[in-house]
2 protein chains.
Amino acid sequence: MATGSRTVRPRSSVWLSERKAPRRKGDQQPVGLDHVKIVAATMRLLDAEGLAGFSMRRLAAELGVTAMSVYWYVETKDHLLELALDAAMGEIALPVETVGPVEGCEHTLAEPRDWREQLRQLASEYRRVLVRHPWLSPLMGEYLNIGPNAVAFNNAAQAVMLNSGLPDDKLPSALALVYQFVYGFGTIEGRFAARCRAAGLSQDELFHEMVSSLEDRPEFDESRRIMEARGGGTVEQMRERDFAFALDLAIAGIEALRGR
Amino acid sequence: MATGSRTVRPRSSVWLSERKAPRRKGDQQPVGLDHVKIVAATMRLLDAEGLAGFSMRRLAAELGVTAMSVYWYVETKDHLLELALDAAMGEIALPVETVGPVEGCEHTLAEPRDWREQLRQLASEYRRVLVRHPWLSPLMGEYLNIGPNAVAFNNAAQAVMLNSGLPDDKLPSALALVYQFVYGFGTIEGRFAARCRAAGLSQDELFHEMVSSLEDRPEFDESRRIMEARGGGTVEQMRERDFAFALDLAIAGIEALRGR
DNA sequence: ACCTGAACACCGTTCAAGT
DNA sequence: ACCTGAACACCGTTCAAGT
C-alpha cells in the first residue's frame, strides 16, 4: 500500500476531487514537467523497481528535478498512483461495440465476436495487463479504481455479460466470478514473473527450483501429484491451459444456469 | 506491501529459514515477550489500525517495550507479517476428513458433507477470514503463503475438489476459479467494511452515499441499472445472494464439464 | 507560475552497549 | 539471554522562500 497515509485520512480519490488546473496558459512553452510526463515516468519506475521501490524522491530524481517539484502537479503520492492505475487500465483492448461514451477513455478497440469469445478476449487482455504491470494488483486493492479507463472496462465487461443470456440480477455474480478469478490468476502470474526477473532465472528454472526445494515435505505430496497429472510442457503452457479451462468452467456454468 | 525491502533483497520466507530458537531454557520464568504474544499483538494492531498503520515501533510500544526488543524474537518485519498471515489462515475451519497430518496446523474442524456443501463451506470460511482481517489480502499477494495453516487449507481445498469428479489435470483450473473468486470477493468486502468503520457509517449508509455521489455520472448508468435489477434488501443480503450464486455458477460449470 | 531547500515526523534495521 | 539507545539511510509532506 501507499505508505502515505500514516494516520487514517479522509481518503478522497483523484477522480472525486477536482484536478489541479493545467498549467501553460496562452502559447508559452511548457516549462519542463507536465501531468503526462509524470505519469509516464511513474509507470516506468513502477515497472522497473516495483511498488516498494517507488518513491516521490526517486521519481523526482528520475525526472531530473527536486523532490518537491512533482507536488506542483499532483496532490499526493496516492493521487499519482491512482493516475498510474487508470493509465494501466487503459492498456486493455476492449471489444469495439461495447465502448460507451466515457470521457477520457484511452482504450484501443478490438474486433466484435460472440459473447464467449468477447469474454475470453477481455479476460485475457485483463490478465496480460496484470502480468505486464505487477504493481497494478495491489493498487486496485488500495484505491477505488473508478477512473475513466476502469469505468470503460467495467462497462465493456457488463455489456459482454449482458449477451450471455443471464438475467440482470445474476450479472454481478457472473462478473465477479470471472473477473475476480482473472485478477487472482494474473496477480500470481505477474508476481512470479517479477520474481524471475529479480532472480535472473527463466520461469521454468525458478519453477523447478521451487518444486525441488519442497521435495522432502510430505504436506505437498498431494499438490505434487496433481501437478504431475497436469502434464508436461513449459510453465507457460500449463498456465495457458489452466486459464483457458477455468474460463470454460465459468462459461459452462453460465450456460447451465442462465435458463432459470 | 511491507516497506522493509527498500532495495530488492533475496526474499527468504520465514517458512524456508530456520526459526530463531525458543528462549526460556529450563524452568525459568518467561521474561516478558515471546513468539505467541508478539504475533497476537501484531494481529490485534493490524485489525485495529490496518497494514499501513502497523510499524515495528508501534508494535513495540503496544508491548510496552523498546523498538528493537522485538528483533530478538523475529528476524524482520516481513517474517513477522508472514507469521501473522499464517495465523490468520489458521482461523479457517476445515472439513474434518480433509485434514492431513500437517505439523503445526491449528485449524478447527467442521462437519463432513458432499463436495458441493464442503466447497461452499470452505469458500465461506475463507471469505469470512478475509473480511475479518482486511490486511490478509495484501499479505497473501506479498508473501509465499506456505505456512502450515495455509498448506492445510490448500490440501483441504484440493481434497474437496477431488470429489467433484473432475479429472486430476483439471483440478488446478477449478481450484483457481473458485478460490481466486473468493479471494477477490472477500477482499473487496473487507475493504468496504474497514472503510465503514473508519467513516463511522453502517454499510448501508456508506453504500447509499457512494451511489448518490455518482448519480449525475452517465458512465455509471448501466451499472446502476444492473444494481437496481439485483433487487432490494440490505447491502449484506445482496452480497450473500451474489456470493452464493457465483459459487452456484462455478459448481454448475464443474458438473457440466467433468464428464469430458 | 513553477521550482527549491530546509525541516518535521515518521520508517526498518544495524550495531555497540548494557544487565 | 534479553533488552536498550543512538545512529543510519530512508520515507511523504509542509512551508517559506526564491525566480
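Sequence lines set the chain letters: A, B, ... in the order given, protein chains first and strands last, and positions in each chain run from 1. Because the structure is predicted, anything quoted here is derived from the model rather than measured.
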Comparing A/M68 with B/V65, nearest DNA chain D nucleotide closer to 5' gives the residue B/V65

Below 4.0 angstrom from OP1 or OP2 of D/dC3, is there any side-chain N or O of B/T66?
no

Sorted by chain and number, sequence neighbours left out, side chain to side chain contact (heavy atoms under 4.5 Å, CB included) with B/R58 holds for B/L45, B/E49, B/S55, B/E62

Acceptor/donor pairs from residues 206-214 of chain A side chains to any protein atom, 3.5 angstrom cut, sequence neighbours excluded:
| residue | atom | partner | partner atom | Å |
| --- | --- | --- | --- | --- |
| A/H208 | ND1 | A/D204 | O | 2.9 |
| A/S212 | OG | A/H208 | O | 3.1 |
| A/S212 | OG | A/E209 | O | 3.1 |
| A/S213 | OG | A/M210 | O | 3.0 |

From the candidates C/dC3, C/dC11, D/dC2, the one with an atom nearest any side-chain atom of A/Y73 is C/dC3

Side-chain atoms of B/L33 come closest, of D/dG12, D/dC3, D/dT14, to D/dC3

Nearest heavy-atom approach of B/S202 to B/C196 is O-SG, 3.9 Å

Under 4.0 Å from OP1 or OP2 of D/dT4: is there any side-chain N or O of B/Y71 that close?
no

To the nearest 0.5 Å, atom CG of B/L59 lies from atom CG of B/L80 at 6.0 Å

Notebook entry, point to check: Given side chains that start at C-beta, do those of A/N154 and B/S223 come closer than 4.5 Å, heavy atoms only?
Noted result: no

Intra- and inter-strand pairing of DNA chain D, written as dot-bracket with Watson-Crick and G-U pairs under 3.5 Å and | for the latter, reads ||.|||||...|||||.||

Per the under-4.0 Å heavy-atom filter, residues of residues 56-64 of chain A near DNA chain D come out as A/M56, A/R57

Among D/dG12, C/dC11, D/dC3, the one nearest any side-chain atom of B/S55 is C/dC11

Here the pair of heavy atoms bringing B/A88 nearest to B/V129 is O-CG1, 3.6 Å

Practice prompt. Look at A/R224 together with A/D221 and state whether they make a salt bridge at an N to O cut-off of under 4.0 Å.
Written response: yes

By ring pair (Phe, Tyr, Trp, His ring centres under 6.0 Å), A/F185 pairs with (sequence neighbours left out) A/F181, A/F243

To the nearest angstrom, the CD-P distance between B/E49 and C/dC11 comes to 11 Å

- Item | Presence of B/W72 side-chain N/O under 4.0 Å of D/dC3 phosphate oxygens OP1/OP2 | no

Contacts of B/Y126 meeting ring pair (Phe, Tyr, Trp, His ring centres under 6.0 Å) (sequence neighbours excluded), chain-then-number -> B/F153

When rounded to whole Å, the NZ to P distance for the pair A/K77 and C/dC11 reads 15 Å

